[in-house]
Amino acid sequence: MIKHSENTEPSNSTKPVLCNGLRVGNYLKYKNTNDLAIVELIHKKHFDCRDEFGMFTPNGNYVPIRLDEEWLAKLGYDLISENHYGVLGHLIWKIEDRFYCDKNGMQLKYVHQLQNLYFALTGSELTVA
């Protein structure tokens, strides 16, 4: 299980939104690999990613993770009925390989978008189980 570094969390109660809609704690992957990266705040205006072993990778070496059924399961979503997934009252549905939020019909393409939406709606983080 991947854990967030204690010393890089912002001191306020909301996590800052960084460029490209990324927030501290979002999951990405390193280019050309399946290795998981976590967005971390390094300095007040700079962010980077750290892998599960604590190693940093320079900016630009990571890409968004495509949202799929495997990632929904990793984030705790269960298959409720055909093409409907849910966790703690939050529903996602799938239509022709696309995922949508139950609240506003917003299309979700990437794991970090789901993480951000879930946090905005609940105030809690989705984490890899």
Sub-4.5 Å side-chain heavy-atom contact between [X] and [Y]:
X	Y	answer
L126	Y118	yes
F119	S124	no
Y27	H112	no

Can you run down the salt bridge (Lys or Arg N to Asp or Glu O under 4.0 Å) pairs that involve residues 73-83, sequence neighbours left out, and say none if there aren't any? E70-K74
Between atom [atom1] of [X] and atom [atom2] of [Y], what is the distance when rounded to the nearest 0.5 Å?
X	Y	atom1	atom2	result
L108	L117	CG	CG	6.0 Å
N26	E125	CG	CD	7.5 Å
I65	L28	CD1	CG	6.0 Å

If every non-hydrogen atom of [X] is compared with every non-hydrogen atom of [Y], which pair is closest and at what distance?
X	Y	result
V128	L75	N-CD2, 4.2 Å
C101	I92	CA-CD1, 4.1 Å
R23	Q115	NH2-O, 3.8 Å

Please enumerate all residues that pass side-chain hydrogen bond (donor to acceptor under 3.5 Å, both in side chains) together with Y77, with sequence neighbours excluded. H90
Who passes side-chain hydrogen bond (donor to acceptor under 3.5 Å, both in side chains) against Q107, sequence neighbours left out? none
For [X], what residues pass the side-chain contact (heavy atoms from CB on, under 4.5 Å) criterion, not counting sequence neighbours?
X	answer
I95	W93, Y100
K94	E69, N83, Y85, D97, F99
S81	H84

Please answer: with hydrophobic residues joined when any side-chain heavy atoms are less than 4.5 Å apart, are V24 and Y110 in the same cluster? no
Decide whether L67 and L79 are clustered together by the hydrophobic rule: side chain heavy atoms of Ile, Leu, Val, Met, Phe, Trp, Tyr closer than 4.5 Å, transitively. yes
